[in-house]
Peer 1: 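I have a structure here, written as structure tokens, and I will follow up with some questions on it.
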Amino acid sequence: MRRIIFPKSLLPLLHSRAIISGQIHDPFVAGNILESLLRAYPSAHFQAHALLSFSPHHSTFMYNTLLHAYLCNNLPTHAILLFYEMLLHGTTPNNHTFPLVLKAFSQAPQYKNGAFIHTMILKRRLDSDSYVHASLIHFYGAAGCIVEARRVFDEKQLPGISAWTALLSGYAKNGNLSMAWELFVRMPDRNLVSWSAMISGYVQCRKPEKALALFQEMMKSKVRPNCSVLVNVLVAAAEVGALQVGKWVHMYLEKNCMCLSSNLKTSLVHMYARCGDLLSAKQTFRRFRDKNVDLWNAIITGIGLYGRGEEAFELFVNMSDDGIPPDDMTFIGLLSACSHSGMVAEGRKCFEAMSKIYRIEPKLEHYSCMVDLLAKAGLVNEMVQLIQTMPMEPNARIWGSLFSSCRILGDITSGEIVGKQLIQLEPRNSGCYVQLANLYASSGRWQEAVAVRDIMKRRGVVLEPGCSLIEVDGMVHEFLVGDKTHPKANEICCVLDVMARSLRVEGYVLNNSVS
DNA sequence: TTAGGGTTAG
């Protein structure tokens with residue numbers, strides 16, 4: 001018998017007929033009704049679960065179909081519970097079940113015991129299935145168990161392209177870009193997803209310029225990009241301020257009539273805002289009809305970045321008028337807008353309202369924004385009080401804000417304590433050592449300044465050179481401190497000299513202190 | 001008997 005997808009209009013009739021005639025006892029018929037229901041109503045997973053529960057036969061196919069529906073609706077925990085229910089019911093999982101279950105475990109990190117699935121797969125000898133194999137590698141990679149992922153990969157004689165891609169992605173997610181690149185170069189075949197995984201790896205590891213270069217190479221190889229790739233390109237463009245690249249992506253999407261996913265819409269607005277083109281950010285935002293909370297957050301955060309706090313709050317009101325409830329990211333955008341605009345009173349109100357009115361408990365990031373706001377306003381006592389009442393340990397950004405305040409106020413004693421704390425939190429970050437050494441130097445404590453630099457050297461911490469990027473005609477140029485390898489370095493230095501001289505003539509004095 | 005993988009922001 002061939003697979004049947006029942007039309008939406010006939011579903012209730014066919015379902016009742018199947019019950020009356022007793023055909024519902026046929027697992028194939030019951031499975032088809034369940035699948036047809038979920039095709040017609042993709043969000044009807046709870047009804048589908050009820051149908052499964054009342055069905056006389058619980059086939060593996062029915063469970064797999066429902067597992068798939070839960071994952072499509074971003075409900076991995078429900079999928080995991082359904083899998084347990086499946087096992088309790090005595091229904092045998094098959095090669096189609098495990099990729100779904102492994103994905104659910106990857107998406108629900110609170111379930112840390114997913115490794116037992118591997119044992120079940122081995123017992124059933126399903127590890128040779130290419131889908132199961134790639135899913136296992138992905139599962140271990142996402143869980144940070146890259147050694148195990150590699151072991152699974154190496155166990156198969158001829159791993160498929162998905163297995164290669166899953167391992168590549170796993171290395172990138174765990175910060176090992178060189179190994180990811182090695183796999184990308186070595187893999188016997190590449191497809192769009194492999195390119196996408198490598199580009200995404202560069203974006204995740206904060207190497208946006210490499211992501212853009214690889215994207216150019218991908219286009220030269222005549223591989224057509226999809227939404228996933230373009231979202232990553234927009235993120236990379238936003239990171240380095242490559243407005244022309246971002247605009248090119250926007251045009252490409254329109255020219256090819258590509259359907260814009262919510263991620264793409266958000267990334268476009270984010271890109272324009274981060275590249276400083278606020279007008280395009282606002283125009284693009286207005287053009288989109290279905291605005292979800294993420295899109296609103298992108299424009300609120302973007303506007304706030306440029307010190308337009310009041311406009312950010314106006315947008316927040318518009319968002320509420322549109323019936324979109326805020327989430328925790330909305331408040332990060334608003335608090336950050338207050339910080340960039342010096343709106344202390346509004347920031348305090350906003351911080352209070354988020355838990356009292358909107359029932360959103362402040363996370364570390366919200367405290368971080370609030371501390372930043374108070375630090376910039378010079379309200380040190382209030383800032384210290386807030387840090388002391390935080391229900392979690394402060395992060396390096398919070399200590400950094402506190403350190404800046406101490407430095408500005410010339411409070412060397414407190415600055416010393418905070419600076420040491422920062423080094424303890426981020427021992428590999430050269431900036432922490434340099435800031436403490438500068439603090440000592442600013443108060444004439446030269447020996448201690450030298451001692452901090454010595455500790456840094458002994459620990460093998462390399463001073464990361466300052467770097468700035470600029471995009472000219474679609475090309476991103478990178479400049480490091482002391483680096484004169486740029487082909488137009490001499491001309492650029494001449495212009496900078498003229499500018500520096502003009503500034504001196506106007507009475508400006510060079511400030512070399514680290515902020 | 002049908003179905004399942006690897007890539008997607010802040």
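No experiment lies behind these values; they were computed from the predicted model shown. The basis for the numbers below is simple: all heavy atoms, side chains too, and nothing from hydrogens, waters or symmetry mates. In what follows, chains carry the letters A, B, and so on, assigned in the order in which the sequence lines appear, proteins first and then strands, with residues in each chain numbered from 1.
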Peer 1: Give the rounded distance in Å between these two atoms: CG of L71(A) and C1' of dA3(B).
Peer 2: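 These atoms are roughly 13 Å apart.
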Peer 1: Rounded to the nearest Å, what distance is computed from the CZ atom of residue F61(A) to the P atom of nucleotide dT1(B)?
Peer 2: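 Taking CZ of F61(A) and P of dT1(B), I get 12 Å after rounding.
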Peer 1: S169(A) side chain N/O closer than 4.0 Å to the phosphate oxygens (OP1, OP2) of dG6(B)?
Peer 2: no
Peer 1: For residues 147-168 of chain A, which residue pairs pass the ring-ring contact (aromatic ring centres under 6.0 Å, His included) check, not counting sequence neighbours?
Peer 2: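 Pairs touching residues 147-168 of chain A that pass the test: F153(A)-W164(A).
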Peer 1: With sequence neighbours excluded, tell me which residues meet salt bridge (Lys or Arg N to Asp or Glu O under 4.0 Å) with E352(A).
Peer 2: K356(A)
Peer 1: Ignoring backbone atoms, test whether S200(A) places a side-chain nitrogen or oxygen under 4.0 Å from the OP1 or OP2 oxygen of dT8(B).
Peer 2: yes
Peer 1: For the base of dG4(B), is there a side-chain donor-acceptor partner from D129(A) under 3.5 Å away?
Peer 2: yes
Peer 1: Are OP1 or OP2 of dT7(B) and a side-chain N or O of Q204(A) less than 4.0 angstrom apart?
Peer 2: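 Looking at the OP1 and OP2 atoms of dT7(B), neither is under 4.0 Å from any side-chain N or O of Q204(A).
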Peer 1: So if I take every side-chain heavy atom of N32(A) and compare against dT8(B), dT2(B), dG5(B), which nucleotide ends up nearest?
Peer 2: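 Closest nucleotide among those given: dT2(B).
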Peer 1: Quick one, F285(A) and K291(A) - any side-chain contact, counting heavy atoms below 4.5 Å?
Peer 2: yes
Peer 1: Centroid-to-centroid, F61(A) to F28(A), below 6.0 Å?
Peer 2: no
Peer 1: What is the separation between atom CZ on R397(A) and atom P on dG10(B), rounded to the nearest whole Å?
Peer 2: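 One finds 15 Å between P of dG10(B) and CZ of R397(A), rounded.
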Peer 1: Among dG5(B), dG4(B), dT8(B), which is the nearest nucleotide to the side chain of V132(A)?
Peer 2: dG4(B)
Peer 1: Which residues, if any, of residues 313-335 of chain A bring a heavy atom under 4.0 Å of DNA chain B?
Peer 2: M329(A)
Peer 1: Rounded off to whole Å, could you give me the CD-to-P distance for the E239(A) and dT8(B) pair?
Peer 2: 16 Å
Peer 1: Among dG10(B), dA3(B), dG5(B), which nucleotide has an atom closest to any side-chain atom of V235(A)?
Peer 2: dG10(B)
Peer 1: Quick one: do the N64(A) and T97(A) side chains pair a donor with an acceptor below 3.5 Å?
Peer 2: yes
Peer 1: Going by the ring-ring contact (aromatic ring centres under 6.0 Å, His included) test, which pairs reach into residues 125-146 of chain A, not counting sequence neighbours?
Peer 2: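 Listed by first then second residue: H118(A)-Y140(A).
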Peer 1: Heavy atoms under 4.0 Å, any strand shown: does I161(A) hit a base, just sugar-phosphate, or nothing?
Peer 2: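 Since a base atom lies under 4.0 Å of I161(A), the category is base.
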Peer 1: When all nucleic acid strands are considered with a 4.0 Å heavy-atom cut-off, which category describes N232(A): base, sugar-phosphate, or nothing?
Peer 2: sugar-phosphate
Peer 1: From C-beta outward on N94(A), which listed nucleotide comes closest to its side chain: dT8(B), dA3(B), dG5(B)?
Peer 2: dA3(B)
Peer 1: Keeping to residues at least two apart or across chains, list the ring-ring contact (aromatic ring centres under 6.0 Å, His included) pairs with something in residues 190-209 of chain A.
Peer 2: F184(A)-W195(A)
Peer 1: Could you state the atom-to-atom distance from CZ of F98(A) to C1' of dG4(B) in whole Å?
Peer 2: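 The answer, rounded to whole Å, is 12 Å.
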Peer 1: What is the nucleic acid contact for E365(A), judged by heavy atoms within less than 4.0 Å: base, sugar-phosphate only, or nothing?
Peer 2: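 Contact class for E365(A): none.
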Peer 1: How many whole angstroms separate atom CZ of R206(A) from atom P of dG10(B)?
Peer 2: 6 Å
Peer 1: Which residues pass the side chain to side chain donor-acceptor pair (under 3.5 Å) test with S368(A), not counting sequence neighbours?
Peer 2: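 Once residues adjacent in sequence are excluded, the partners of S368(A) under the side chain to side chain donor-acceptor pair (under 3.5 Å) criterion are R397(A).
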Peer 1: Remember a base hit wins even if backbone is also touched, and classify V203(A) as base, sugar-phosphate or nothing at under 4.0 Å, heavy atoms.
Peer 2: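 Result for V203(A) = nothing.
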Peer 1: For DNA chain B, determine which residues of residues 247-271 of chain A have any heavy atom closer than 4.0 angstrom to one of its atoms, and list them numerically.
Peer 2: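 The answer is N263(A), T266(A), S267(A), H270(A).
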Peer 1: Run the salt bridge (Lys or Arg N to Asp or Glu O under 4.0 Å) test against D328(A) and tell me which residues pass, sequence neighbours left out.
Peer 2: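 D328(A) satisfies salt bridge (Lys or Arg N to Asp or Glu O under 4.0 Å) with K363(A) once adjacent residues are dropped.
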Peer 1: Just how far is it from atom CZ of R17(A) to atom CD1 of I33(A), taken to the nearest 0.5 Å?
Peer 2: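 So the CZ of R17(A) and the CD1 of I33(A) are separated by 12.0 Å.
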Peer 1: Rounded to the nearest 0.5 Å, what's the gap from CG on N32(A) to CG on L37(A)? Could you check?
Peer 2: 12.0 Å
Peer 1: Does anything in residues 244-254 of chain A pair up under salt bridge (charged side-chain N to carboxylate O under 4.0 Å, His left out), and if so which pairs, sequence neighbours excluded?
Peer 2: E254(A)-R287(A)
Peer 1: If you only use heavy atoms from C-beta on, which nucleotide in dG6(B), dT2(B), dG4(B) is closest to the side chain of H138(A)?
Peer 2: dG6(B)
Peer 1: Looking across every strand, which nucleic acid part, if any, lies under 4.0 Å from S59(A) by heavy atom: base, sugar-phosphate, or nothing?
Peer 2: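 S59(A): no heavy atom of the nucleic acid under 4.0 Å.
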Peer 1: Of the residues in residues 285-297 of chain A, which ones touch DNA chain B at a heavy-atom distance under 4.0 Å?
Peer 2: D294(A), N297(A)
Peer 1: Could you state the interatomic distance from CD (E310(A)) to SG (C338(A)), rounded to the nearest 0.5 Å?
Peer 2: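 Between atom CD of E310(A) and atom SG of C338(A) there are 10.5 Å.
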Peer 1: Give a yes or no on whether a donor-acceptor pair under 3.5 Å exists between the nucleobase atoms of dG5(B), that is its base, and the side chain of S162(A).
Peer 2: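 Answer yes: a donor N or O sits under 3.5 Å from an acceptor.
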Peer 1: Listed in order of residue number, which residues of residues 177-197 of chain A have a non-hydrogen atom at under 4.0 Å from DNA chain B?
Peer 2: N191(A), V193(A), S196(A), A197(A)
Peer 1: Look at K103(A) and dG5(B) and indicate whether a side-chain polar atom (N or O) is within less than 4.0 Å of OP1 or OP2.
Peer 2: yes
Peer 1: Centroid-to-centroid, H366(A) to F331(A), below 6.0 Å?
Peer 2: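 No: the rings miss the under 6.0 Å criterion.
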Peer 1: If the condition is side chain to side chain contact (heavy atoms under 4.5 Å, CB included), which residues does N174(A) pass it with, not counting sequence neighbours?
Peer 2: I146(A)
